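This chain uses plain numbering: 1 for the first residue, then up along the sequence. Just so it is clear, the structure is predicted and the values come from calculations on it, not from any experiment.
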Amino acid sequence: MTGPFPINRRAALVGLAAAAALPAAARAKPSEAEVDEAIRTLLAPGQRSVEEAVQTVRAWGDLSAAPGLIFAMRFSPLPRTTIAGLLGELTGEEASLDWFDWMLWQEAHPDLRATAGYVDTKRAMLMAIDPNFEVFLRPPFLKPEATRIRFEEVTWGGVRKDGIPSLDRPERIAAGEADYLREDDLVFGVSINGDVRAYPLRIMGWHEMFNEVIGDVPVALAYCTLCGAGILFETELPGRAAPLIFGSSGFLYRSNKLMFDRETHSLWNQFTGEPVIGPLAESGIRLRQRPVAIERWGDWRRANPETTVLSLETGHRRDYGSGVVYRAYFSSPDLMFPALVNQKRLRQKDYVFGIRRQGAAKAWPLTVFQGGRVINDRIGALDIVLVGDAAGRTVRAYEAGGRRFGPGPAEGRLTAGEERWEMTEEHLVGPGNLRLPRVAGHVAYWFAWDGYLGLRSELYEG
């Protein structure tokens, strides 16, 4: 999505020609306040002349106007060539008509400072879309020194606050009652303290968040459909009277969902579990991850016959059909929103399984689990074993305890020398009831993993 306004290409070309014919402003350099007013005119043309606004920005001639122009490009009803021409002049780059391209340019220039009025202009426009956005856009928390991400890179995702409604303690049914599910439908499988549950992706794709208590542990599953990642977080934090409850804000950062907590209305990075804008941004909080598996429903149910699963009675009217939600996006190699991607090693929407643990991070391409694989590896100083099957997008990781594992005589079984081990959702169980704990990890598109961790993460090369 690059903007809500249709583009008349012929009018756009006329607009560019008119802008190119304007003389340079024959007056003193305008003030920063005048530039901000000019950008607001380009964003929402009114009584003030668009030609005068173009001249003001051109006379300013400073890159600090670029973030405002990029934001205006998405929402302005003007021909895009008007703003693109100005951006081309300011930056020396090709005057692309695509807002997506300019957002990538902006991400590639992290030190670029916006004009003083940028925050107010952007805040006003976003609140015109949804007045409820005000709880996220309180001015003291939008100052660059108070945020953990660049506000310039926060984008509107096309929905209002809670426009993607979370499921809070939703109704569940026994596995045998879930006749709506196909054997190959994927589910998020969770087991905590023996409490086993399944959350079908065909339902979670419409809601992207659940808040639950599983096995007496308050948790939230944050599912970013855009980055292909469902991450299970503990929501009970030391020193807080009650667990945090999360929802979807309607905002994105580098094509990743910004969730929010309903207590403080801080915005959180779904991928890292950290607050990035708002009252908690400087708290140093990072939510603890819990293991979650993606698996085909038939495989999950056979391995966990006691599982419960989401009912279709969610309280919302959605088409929960198999393969319906985000069908076009999941089948496309392209991103819907801008994010810089290093595609030298993997394509942007290749799936990886990633683990972050005690300062170390590592990703395994899902393709290495093709046909079902057992992989012995390390992350940091920790020996681990990973068991996966790319066909079901399924990977589980366990501590290895210094052992080297191989496939066992049956599904769900491993060997370590002469020892026989059983895989459960929470442990590897070996001789004498010896238990090796599961290691939290999750599946994601490569662009999201690399975009947030980059050189701080290893990539398994086989």
Pair D195, R197 - check salt bridge (Lys or Arg N to Asp or Glu O under 4.0 Å), show working.
CA-CA 7 Å; D195 188 348; R197 307 187 187 186; 2.9 Å; yes
Considering only NZ, NE, NH1 and NH2 on the basic side and carboxylate oxygens on the acidic side, decide whether D162 and R160 come within less than 4.0 Å.
no
Kindly indicate, with the supporting measurements, whether the criterion side chain to side chain contact (heavy atoms under 4.5 Å, CB included) is fulfilled by T147 and V276.
CA-CA 6 Å; T147 67; V276 291; over 6 Å; no
With a sphere of 6.0 Å drawn around CZ of R347, does it hold more than 12 non-hydrogen atoms of other residues, nucleotides or ligands?
no
Are F246 and W268, when compared by the centres of their aromatic rings, separated by less than 6.0 Å?
yes
So which atom in N269 and which in M259 form the shortest heavy-atom distance, rounded to 0.1 Å?
O-CE, 4.5 Å
Check for me whether the distance between the ring centres of F251 and F133 falls short of 6.0 Å.
yes
Atom CG in D179, atom CD in E177: separation rounded to 0.5 Å?
9.0 Å
V196 side chain reached by T308 side chain, heavy atoms, under 4.5 Å:
no
Please work out whether the ring planes of F151 and Y118 are parallel, tilted or perpendicular, with thresholds of 30° and 60°.
perpendicular
D185 side chain to R182 main-chain N or O, any donor-acceptor pair under 3.5 Å?
yes
Does any N or O in the side chain of S96 come within less than 3.5 Å of the main-chain N or O of D98, such that one atom is a donor and the other an acceptor?
yes
Taking the side chain as every heavy atom from C-beta outward, state whether I277 and S266 have any atom pair closer than 4.5 Å.
no
What is the ring orientation for F271 with H442, classed by angle as parallel under 30°, tilted 30 to 60°, or perpendicular over 60°?
perpendicular
Side-chain donor or acceptor of S331 paired with backbone N/O of A328 under 3.5 Å
yes
Value rounded to 0.5 Å, distance of CZ in R288 from CD in E234
4.5 Å
Is it true that atom CD of E183 has more than 12 heavy atoms of other residues, nucleotides or ligands lying nearer than 6.0 Å?
yes
Taking the side chain as every heavy atom from C-beta outward, state whether S64 and L112 have any pair of such atoms under 4.5 Å apart.
no
CD of E411: more than 12 outside heavy atoms within 6.0 angstrom?
no
Just by distance, do the side chain of Q343 and the backbone of Q348 share a donor-acceptor pair under 3.5 Å?
yes
Holding to ring pair (Phe, Tyr, Trp, His ring centres under 6.0 Å), I want the full list of residues that pass it with Y351, two or more places apart in sequence or in another chain.
Y445
May I have the step-by-step check of side chain to side chain contact (heavy atoms under 4.5 Å, CB included) for V443 and V352, ending in yes or no?
CA-CA 6 Å; V443 170; V352 298; over 6 Å; no
Donor-acceptor pair, side chain of E426 and main chain of P437, under 3.5 angstrom
no
Answer yes or no: is there an ion pair linking R438 with E425, defined by an N-O contact shorter than 4.0 Å?
yes
Roughly how far, to the nearest 0.5 Å, is CD1 of I192 from CD1 of I214?
5.0 Å
Please indicate whether R286 has more than 12 foreign heavy atoms, meaning atoms of other residues, nucleotides or ligands, lying under 6.0 Å from its CZ.
no
Can you name the residues that form a side-chain hydrogen bond (donor to acceptor under 3.5 Å, both in side chains) with R404, not counting sequence neighbours?
none
Could you tell me whether the side chain of T115 and the main chain of D36 form a donor-acceptor pair under 3.5 Å?
no
Charged N to carboxylate O below 4.0 Å: is that the case for R240 and E263?
yes
Student check: side-chain heavy atoms of Q270 and C227 closer than 4.5 Å:
yes
L386 vs D377 side-chain heavy atoms within contact, under 4.5 Å:
yes
Could you check L459 against K362 for side chain to side chain contact (heavy atoms under 4.5 Å, CB included), going step by step and ending with a plain yes or no?
CA-CA 6 Å; L459 179 65; K362 191 165 186 175; over 6 Å; no
Do side-chain atoms of Y180 reach the backbone of L312 as a donor and acceptor pair under 3.5 angstrom?
no
Roughly how far, to the nearest 0.5 Å, is CZ of F405 from CH2 of W421?
5.0 Å
Quick test of your reading of the model: are E107 and R150 salt-bridged, counting only N-O distances below 4.0 Å?
no
Between E399 and R435 (salt bridge meaning N to carboxylate O under 4.0 Å), is one present in this structure?
no
What are the two closest non-hydrogen atoms of F447 and S255, and how far apart are they?
CE1-CB, 3.7 Å
Looking at E418, I'd like to know if its CD atom is crowded, meaning that more than 12 non-hydrogen atoms belonging to other residues, nucleotides or ligands lie closer than 6.0 Å.
no
When you check the gap from the basic side-chain N to the acidic O, do E295 and R393 get nearer than 4.0 Å?
no
Please step through side chain to side chain contact (heavy atoms under 4.5 Å, CB included) for the pair V213 and V219, ending with a clear verdict.
CA-CA 6 Å; V213 176; V219 293; over 6 Å; no
To the nearest 0.5 angstrom, please state how far the CZ atom of R396 sits from the CZ atom of F353.
10.0 Å
Residue that, paired with F188, satisfies ring pair (Phe, Tyr, Trp, His ring centres under 6.0 Å) out of Y223, Y199, W300:
Y223
Are V309 and I173 packed together at the side-chain level, in the sense that at least one heavy-atom pair is separated by less than 4.5 angstrom?
yes
T91 (side chain) donor-acceptor with L87 (main chain) under 3.5 angstrom:
yes
Quick test of your reading of the model: are E212 and R169 salt-bridged, counting only N-O distances below 4.0 Å?
no
Apply side chain to side chain donor-acceptor pair (under 3.5 Å) to the pair N211 and D168, showing each step before the final yes or no.
CA-CA 5 Å; N211 295 282; D168 300 335; 2.7 Å; yes
Within-4.5 Å side-chain heavy-atom neighbours: I245 and D261:
no
Is it true that, when you exclude D216 itself, more than 12 heavy atoms of the residues, nucleotides or ligands shown sit nearer than 6.0 Å to its CG?
no
Can you check whether Q370's main-chain N or O pairs, donor with acceptor, with R373's side chain at less than 3.5 Å?
no
Could you grab the distance from atom CG of L436 to atom CZ of R403, nearest 0.5 Å is fine?
6.0 Å
Salt-bridge criterion met for R378 and D383 (N-O under 4.0 Å)
yes
Does the T307 side chain pair with the main chain of P305, one donor and one acceptor, at a distance under 3.5 Å?
no
Pair R296 + D184: basic N to acidic O under 4.0 Å:
no
Is any side-chain heavy atom of Y452 closer than 4.5 Å to one of Y253?
yes
Please work out which of the three classes, parallel, tilted or perpendicular, describes the rings of W105 and W102, given edges at 30° and 60°.
perpendicular
